[in-house]
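Since the structure comes first, as structure tokens, the remarks are kept for the end.
Below, read A as the first sequence line, B as the second, and so on, with proteins coming before strands; counting in each chain starts at 1.
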2 protein chains.
Amino acid sequence: MTHEPLDPRQLGAYFVLREAVSLLEHQIEQQLHADGDISYVQFQLLARLHHASEPLTMTQLADGVVYSRSGLTYQAGLLEKAGLVARSRAPEDERATLVSITAEGRALFERVLPGHVELSRRLLFDPLTDDDVRHLGDIMTRVRDNLRAQPPRSAAPRKRRDTT
Amino acid sequence: MTHEPLDPRQLGAYFVLREAVSLLEHQIEQQLHADGDISYVQFQLLARLHHASEPLTMTQLADGVVYSRSGLTYQAGLLEKAGLVARSRAPEDERATLVSITAEGRALFERVLPGHVELSRRLLFDPLTDDDVRHLGDIMTRVRDNLRAQPPRSAAPRKRRDTT
DNA sequence: TATTGTTATACTCTATAACTATA
DNA sequence: TATAGTTATAGAGTATAACAATA
């Protein structure tokens with residue numbers, strides 16, 4: 001029952017972070033849809049496949065992007081239907097599905113990326129100095145690592161209800 | 001057609017930011033549901049009403065939280081059904097709806113807030129120094145202000161398609 | 001006419017649980 | 001038995017457009 005007084009500086013930083021990112025996400029989402037008819041989740045999946053020189057399994061693909069197996073199956077299904085990725089059985093492990101990006105997928109990704117970057121620059125980086133960017137990257141890397149190191153959602157304590 | 005080479009440092013910072021916040025959001029959402037059966041959007045709405053000493057109109061309430069009128073009507077409807085807020089006609093402007101937080105709403109908010117803060121501290125602030133927090137708050141404030149100053153989504157250029 | 005808010009509706013996305021198939 | 005993935009399905013949320021009422 002840790003219950004420290006709550007540093008208002010932290011609280012402020014937290015809420016501004018959430019608000020800024022929410023606004024950012026909303027605008028980025030709009031552009032991805034306008035430019036390429038994809039969501040940010042789909043953009044991320046294409047980005048991973050584009051970056052990796054090898055096809056990835058569903059599990060590898062899911063990693064930080066999606067939080068349920070079926071969610072990925074759904075998204076992969078959409079991408080496949082759109083001709084942007086292809087799925088096939090993995091030879092070494094017949095349980096696994098290999099997902100690879102198609103030429104169309106690469107083309108779409110490359111068509112969409114510049115605008116995406118340009119927009120994030122305008123929205124996110126314009127008001128920041130080089131030093132800010134460095135610091136932001138550094139900070140968020142540590143935060144991400146901390147989040148990834150977090151107990152996997154079962155060791156999680158707390159659950160109070162009915163404290164009425 | 002600005003098309004600069006893309007500073008990899010910026011790109012990296014952008015993607016880490018997105019990833020970290022996504023992980024953060026996911027965990028926070030879980031806890032809000034477990035602790036109070038509300039979403040983060042609903043938490044924000046309660047927070048605003050709790051903070052404001054006056055009832056707010058739907059429009060005031062919507063501000064940075066929700067991006068469509070109907071979206072807010074939907075959320076307000078849920079909160080009202082749960083007894084956490086009440087809606088009434090505004091006397092000075094009969095078109096407007098005044099939303100006020102109920103005692104139950106305050107109780108829920110106050111019950112949920114400490115855990116919310118505690119979790120964000122553990123997930124977000126544990127790996128950060130005081131200086132990091134200060135800088136992060138400062139950075140995101142500028143970013144937020146920049147985003148809010150952005151042309152309201154009609155002056156937006158670009159729209160390329162069919163550049164096949 | 002412009003603004004405030006609601007409704008109807010369609011759509012996207014997520015997640016749980018049951019299931020199949022392979023290791 | 002455990003793991004990889006899919007399917008069925010239900011639920012939460014969002015957004016657009018049409019609408020009513022007030023300014």
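Checking C:dT4, C:dT22, D:dT22 against every side-chain atom of B:Thr59, the shortest atom distance belongs to C:dT4. Among C:dT12, D:dA23, C:dT7, the nucleotide with an atom closest to any side-chain atom of A:Tyr74 is C:dT12. Side chain of A:Val41, nearest nucleotide from C:dT14, D:dT7, C:dT22: C:dT14. Closest approach to the A:Ala96 side chain among D:dA12, D:dG5, C:dT6 is made by D:dG5 (side chain taken as heavy atoms from C-beta onward). Taking the side chain of B:Gln75 as heavy atoms from C-beta on, and the options D:dT22, D:dG13, C:dT22, the nearest nucleotide is D:dG13. Side-chain atoms of B:Gln42 lie closest to D:dG13 of the nucleotides C:dT6, D:dG13, D:dA4. Among the nucleotides C:dG5, D:dT7, C:dT22, the one closest to any side-chain atom of A:Asp93 is C:dT22. Of all nucleotides listed (C:dA23, C:dT14, D:dG13), D:dG13 comes nearest to the side chain of B:Ser39. Checking C:dA15, D:dT3, C:dC13 against every side-chain atom of B:His26, the shortest atom distance belongs to C:dA15.
When each of A:Pro91 and A:Tyr67 is assigned the nucleotide of DNA chain C with its nearest heavy atom, A:Tyr67 is the one assigned upstream, toward the 5' end. When each of B:Ser70 and A:Leu78 is assigned the nucleotide of DNA chain C with its nearest heavy atom, B:Ser70 is the one assigned upstream, toward the 5' end.
Between A:Tyr14 and B:His116, the distance separating the two ring centers is shorter than 6.0 angstrom.
For the pair A:Arg142/A:Asp138, a side-chain contact is recorded, criterion being any heavy-atom separation below 4.5 Å from C-beta on.
Using a 4.0 Å heavy-atom cutoff across all strands shown, A:Ser68 reaches at least one base atom of the nucleic acid.
Nearest heavy atoms, B:Arg48 versus B:Ala62: NH1-C, 4.4 Å. Minimum interatomic distance between B:Leu123 and A:Asn146 (heavy atoms only, all atoms of both residues): O-ND2, 2.8 Å.
Residue-to-nucleotide contacts include a donor-acceptor pair under 3.5 Å from the side chain of A:Arg69 to the base of D:dG5.
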